[in-house]
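Here's the structure, in structure tokens; my notes come after.
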Amino acid sequence: MNVTDIPFRPACAHAQNEPPPHAQAVEQHVLEWTEAQQLATDPDFHSELISSRFGWLAARCYPNASMSLLNTIADFLTWLYLVDDRLFDRAQRIPRAIIADVSALWNVQGQQDKTSPAAPLQNAWRDICTRLLKQMGSVWLHHFITNVRMMYGANTLQIIGQLHKISIDKHAYEILRYHNSGLVPCFDFYGTSVGYQLRDEDRYCLNLQTLSQQANIIIALCNDIHSYAHETRQRGHYENLVCLHVFEGHTLKEALSLVSDTVQHPLNNFDALSEHLFHTSTPAVRRYINELQHWIIGYQYWAFNDTCRYVCVSTNDS
């Protein structure tokens, strides 16, 4: 799956090799925030954080956000990846310990044993929620937190399956991937711009829910392609569609091709539905469609150009 395979370019999107506005400033904020929250005290984690450039991802995917909200979004994206890296993608951590830590993260106002690996992550999550309460309001925040909890509930369900040595099929994986990718809460920031707020009857109508689901699975499966080598090196508690194909006996090259083909179907559907809705909907809906397009193309630009998190995909089967 390459950037050239995407049939659309959202309005105001910047060229692939062009830095998005505010990227450097947001990235600097992320580094200062993670230091203040003691999220990357380990030298290896700190080095990986610098090379990941999560501030650039936020800047590419949220061009309409105010600077203060953009900083909070960037912190949230960084936090999501750190939770994955520190709680889920580490083989030396037993699943029961992970479930206990995730349960603690659900309780935003709760306290955690300071010796737990989740303690800094819980404090950082509380800081993000405190800022979002001021920026977005209590009703929005409640909905947002619920979506985050659902995301980690899907992750925990996978871990329970591992505890009982229950294999997962590709259909079940795709359903869980939709909920555990982190994109459901990430999309909550869309449709909130002044003058372009989505009405509930629009946000939750079948067409926009379908469009959001298609955007979600496009990005999530592209991430599976980009991250399989990264996750395989860490040997943690994860599932990856590329790996599932390999486990079924396909070569790595075949597995990557199969996942790329899987992405093409929702990509075509997203393009067709967004084109239809764009010409028949309100300005707020058109803005929301454009924002979803920003996440799809912005993630691709970030993965290919900005971050060093993912190594070049190799098709060797070693």
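These values consider heavy atoms only, across backbone and side chains, with no hydrogens, waters or symmetry-generated copies. A quick note: this is a predicted structure, and the numbers were derived from the prediction, not measured.
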Aromatic ring centroids of Phe144 and Phe189 under 6.0 Å?
yes
Distance col, row Asp306:CG vs Ser52:OG, nearest 0.5 angstrom, shows 11.5 Å
- Query: Do Ser47 side-chain atoms and Asp44 backbone N/O form a donor-acceptor pair below 3.5 Å?
  - Reply: no
Nearest heavy-atom approach of Ala40 to His46 is O-CB, 3.5 Å
Taken to the nearest 0.5 Å, the spacing of Ser227 OG from Tyr310 OH works out to 5.5 Å
dist Glu254:CD -> Glu248:CD (nearest 0.5 Å) comes out at 11.5 Å
**Report entry** Test side chain to side chain contact (heavy atoms under 4.5 Å, CB included) applied to Ile145 and Trp125, step by step
**Finding:** CA-CA 10 Å; Ile145 291 174; Trp125 175 225; 4.1 Å; yes
ILVMFWY network linking Phe278 to Leu198, side-chain heavy atoms under 4.5 angstrom: yes
Applying side chain to side chain contact (heavy atoms under 4.5 Å, CB included) to Glu291 and Phe187, what does each step give before you reach the verdict? CA-CA 9 Å; Glu291 289 173 326; Phe187 291 168; over 6 Å; no
Can you confirm whether Arg309 sits close enough to Tyr81 that some side-chain heavy atom of one is under 4.5 Å from a side-chain heavy atom of the other? yes
Do the side chains of Leu69 and Met136 get nearer than 4.5 Å, heavy atoms only?
yes
Discussion item. Keeping Ser212 on the side-chain end and Gln209 on the backbone end, is there a donor-acceptor pair under 3.5 Å?
Written reply: no
**Prompt:** Around atom CD of Glu35, are there more than 12 heavy atoms of other residues, nucleotides or ligands at under 6.0 Å?
**Reply:** no
**Asked** Passes side chain to side chain contact (heavy atoms under 4.5 Å, CB included), Leu133 versus Cys129? Steps please.
**Response** CA-CA 6 Å; Leu133 176 62; Cys129 290; over 6 Å; no
Nearest heavy-atom approach of Cys222 to Gln300 is SG-NE2, 3.0 Å
Any side-chain donor near an acceptor of the partner, Glu32 and Gln28, under 3.5 Å:
yes
- request: Please check if atom OH in Tyr196 has more than 12 non-hydrogen atoms from other residues, nucleotides or ligands closer than 6.0 Å.
  value: no
Next on the checklist: For Gln38, I'd like to know if atom CD has over 12 heavy atoms of other residues, nucleotides or ligands within 6.0 Å.
Outcome noted: no
Smallest heavy-atom separation, Glu27 atom then Phe54 atom, equals OE1-N, 3.5 Å
Check your understanding: Using a distance-only test with no angle check, is there a side-chain donor-acceptor pair under 3.5 angstrom linking Asn123 and Arg126?
Key -> yes
Please test Ile289 against Val285 for side chain to side chain contact (heavy atoms under 4.5 Å, CB included), starting from the C-alpha separation and ending with a verdict.
-> CA-CA 6 Å; Ile289 293 169; Val285 171; 4.0 Å; yes
d(His250 NE2, Leu256 CG) to nearest 0.5 Å is 12.0 Å
Between the SG atom in Cys186 and the CD1 atom in Ile73, the distance rounded to the nearest 0.5 Å is 8.5 Å
Worksheet item: Can you find a pair of side-chain heavy atoms, one from Arg203 and one from Tyr288, that are under 4.5 Å apart?
Response: yes
All heavy atoms of Val30 vs all of Ala74, minimum pair found to be CG2-CB, 3.6 Å
_Just so I know, are the side chains of Tyr299 and Asn223 near enough to count as touching, which here means a heavy-atom distance under 4.5 Å?_
yes
Taking every heavy atom of Gln293 against every heavy atom of Ser274, the minimum-distance pair comes out as NE2-OG, 4.1 Å
Hey, any chance Tyr204 and Leu141 share a hydrophobic cluster, counting ILVMFWY side chains that come within less than 4.5 Å of each other, even indirectly?
no
So do Val242 and Leu252 actually touch side chain to side chain, heavy atoms under 4.5 Å?
yes
Check: Asn240 side chain, Asp224 main-chain N or O, donor-acceptor pair, under 3.5 Å = yes
Within a reach of under 6.0 Å around NE2 of His265, are more than 12 heavy atoms found that belong to other residues, nucleotides or ligands? no
Is there a path of hydrophobic side-chain contacts, each under 4.5 Å between heavy atoms, that joins Leu176 and Ile217? yes
Handout entry: Leu208 side chain near Leu277 side chain, heavy-atom distance below 4.5 Å
Key = yes
Quiz item: Do Tyr62 and Tyr190 make the cut of ring centroids closer than 6.0 angstrom?
Solution: yes
* To do: Compute whether any side-chain donor of one residue and acceptor of the other, for Trp33 and Asp127, lie under 3.5 angstrom apart.
  => yes
Nearest heavy-atom approach of Thr192 to Gln197 is O-CG, 3.9 Å
Legend entry - Flag, side chain of Trp140 to backbone of Asp188, donor-acceptor distance under 3.5 Å: yes
* Taking the side chain as every heavy atom from C-beta outward, state whether Pro20 and Tyr301 have any pair of such atoms under 4.5 Å apart. => no
message: Is there a path of hydrophobic side-chain contacts, each under 4.5 Å between heavy atoms, that joins Leu57 and Ile50?
response: yes
| message | Using side-chain heavy atoms (C-beta onward) and a distance below 4.5 Å, is Ser181 in contact with Ile219? | response | no
*Side-chain donor-acceptor contact under 3.5 Å, His179 with Asn216*: no
In this structure, would Trp79 and Met150 fall into the same cluster of hydrophobic residues linked by side-chain contacts under 4.5 Å? no
Output for pair (Ile296 CD1, Leu267 CG), nearest 0.5 Å, gives 7.0 Å
